[in-house]
Protein chains: 2
Amino acid sequence: MSDKPPAPSAGLRRDMEILEVLAGHGDDRDTDGFGVSWIAQRLGREKSQVSRALRALELEGMVERDAVTRRYRLGWRLFALAARSQQARLVQVAAPYLRRLATAFDEDAYLCVLRGNRVLTLLSVPSSRAYHRVWEGITVPVIMAAAGRSLLSEWDGERVRELLRATLPSGLDSAVGSEDDWLAELAHARTAGYAVSDVELDDGAAGVSAPVRDHRGIITAAISVSVTRAAPPERLHEMGAVVAETARELSTALGLPPSGHPVAACPEPPGAD
Amino acid sequence: MSDKPPAPSAGLRRDMEILEVLAGHGDDRDTDGFGVSWIAQRLGREKSQVSRALRALELEGMVERDAVTRRYRLGWRLFALAARSQQARLVQVAAPYLRRLATAFDEDAYLCVLRGNRVLTLLSVPSSRAYHRVWEGITVPVIMAAAGRSLLSEWDGERVRELLRATLPSGLDSAVGSEDDWLAELAHARTAGYAVSDVELDDGAAGVSAPVRDHRGIITAAISVSVTRAAPPERLHEMGAVVAETARELSTALGLPPSGHPVAACPEPPGAD
DNA sequence: AAAATCAGGTGCAGCTAGCGCAACAATAGC
DNA sequence: GCTATTGTTGCGCTAGCTGCACCTGATTTT
């Protein structure tokens, strides 16, 4: 009598509820999954319905069932779908944010990821100013890229040293000394939420960068903004704060829970106009 | 024509097909997403149907639509769910180990699991070298993957034969002969703790791999490192030893008791058919 | 030991929700 | 401006889902 009006795609809704239950409380104590009856009761639905739906979902690989305990958990297909498109999605979702930065500072903005011991630029948005060097698809050593510090900022110290040593051919003993400096800078970037690098290499660009996290909270990319005009340190830190905030927004849009809590509200990306 | 009987869960099937299309091929030309008509045509379905399904999926957050281009791509919800899957945990734990391998050898490193008779790559850590396509979320036949040998190394011989026959279309009679070779290689991999595969298929990558065990000692995954440059056999075996050791460390991190193998071959066979 | 309890699956009738066609709306193209 | 293309909606018809009751099989109770 009350409401049954808005019930389109009831099947999908049911499936999503089931998946959400299987996703669990986020805790990892539920590693053995959940049984049909339990899910049905929790959803207030018929067992038969849940049973059939789960079978269908299993057929599609969205859930998988433990052969012995007969319990269900999320399946490989979900993971495969996400894995295949996460990079494409990253680029797409990031674009508007980079544009915002590029126009705000009138500086080139970049989206970078770590590839081996080099930094790969996935997307670059040019400023209005003169020549814009195309970096997309280009890799540079971590130490040379502005985004490098952000990408490594949460790495284990030992790993960073290994990577640095692997990067530097060995001829540079100045580097040996600067390893500690680097680690210190990483620590600073970690606390500040952004990294500032002034000109280090002849060609190496100065810039500010901040880490982008995926839905799991792992740093998977970094955005950076070049700094082509002389600017006082405090100006750089102002920029850093903005870049860091933008990176946070982007992370949220990618599915990162706003404050380290299960998924919730809407990750509304600023629709380009 | 006459058979429409086996059509349960038609809605789910449709949704999955759509998601599969949206996931693309991992190539990066799909970065713009896809339009309704294009998807409909590709699936051989009615536009209206696809349109409505996409709207429903969007409502659930499984897909999202670019505000300006009106094209769809996978949504945050799917990523959030994927992050909660069992595989995600594996990936998270394994990532540092793979990174270490990738930087140590400057070769691509992979984490793979067995999915039916194919090998699914869960995580690929690219080296710094030339562009490499995304393998994450992609499946390849067991015989083509470097990790295949490690994943099958403790299987019953008969079952391996079955799987090989099911995999090979049948046209390849050379395969019939090589079945025994394969079994022999599996035996070798079992004793050595790692598997070395040189180039077998035109595209098939050479590589070394080693098995990863869960807390029960059962092989649940494999890590492998590609070998893109010519290397003498002894070099490959050096690498194999390193990969095997890394796999052991990873297994321990996953909860395997450090002491040798508690070994499978227990009350529970990996699937009594 | 038999019987009770619980989890999961199946058969079936009734009815809802999704399908397909085609008209319509909204853009893009010329 | 008009036409071509893409995306949305109205609606009758039926495929497929819901929900009840019953069945199987494992685990526990007394």
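Just so it is clear: chains get the letters A, B, ... in the order the sequence lines come, proteins before strands, and each one is counted from 1.
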I need the CG-P distance between A/Leu43 and D/dT18, as an integer number of Å.
12 Å

Dump the pairs, protein N or O against N or O of nucleotides 3-9 of chain D, anything under 3.5 Å, distances to one decimal.
residue	atom	partner	partner atom	Å
D/dG7	OP1	B/Val36	N	3.4
D/dG7	OP2	B/Val36	N	3.2
D/dG7	OP2	B/Ser37	N	2.6
D/dG7	OP2	B/Ser37	OG	2.9
D/dG7	N7	B/Lys47	NZ	3.2
D/dT8	OP1	B/Arg65	NH1	2.8
D/dT8	OP1	B/Arg65	NH2	3.4
D/dT8	OP2	B/Ser51	OG	2.7
D/dT9	OP2	B/Arg55	NH2	2.5

Could you check if a side-chain atom of A/Leu254 sits within less than 4.5 angstrom of a side-chain atom of B/Phe79, using non-hydrogen atoms only?
no

Six-ring centre of A/Phe34, A/Arg73 cation under 6.0 angstrom, axis tolerance 45°:
no

Please say whether more than 12 non-hydrogen atoms of neighbouring residues, nucleotides or ligands are located less than 6.0 Å from CD in A/Glu245.
yes

Could you tell me how far apart A/Leu57 (CG) and D/dC17 (P) are, to the nearest whole angstrom?
12 Å

Which whole-number value in Å describes the distance from B/Leu12 CG to D/dG16 P?
14 Å

So B/Ser224 and B/Ser209, side-chain hydrogen bond (donor to acceptor under 3.5 Å, both in side chains) or not? Walk me through it.
CA-CA 4 Å; B/Ser224 77; B/Ser209 68; 5.9 Å; no

From CZ of A/Arg14 across to P of C/dT16 the rounded distance in Å is 17 Å

Quick check: does any side chain N or O of B/Arg118 sit under 3.5 Å from a backbone N or O of B/Thr139, one acting as donor and the other as acceptor?
yes

The reported gap from CG in B/Leu120 to CG in B/Leu114 (rounded to nearest 0.5 angstrom) is 9.5 Å

Please give, in whole Å, the distance from D/dT18 P to A/Arg45 CZ?
7 Å

In this structure, how many angstroms lie between the P atom of D/dC17 and the CZ atom of B/Arg13, rounded?
13 Å

Can you measure A/Asp15 atom CG to C/dG18 atom P for me and round it to whole angstrom units?
11 Å

Separation of A/Asp66 atom CG from C/dA7 atom C1', in whole Å?
15 Å

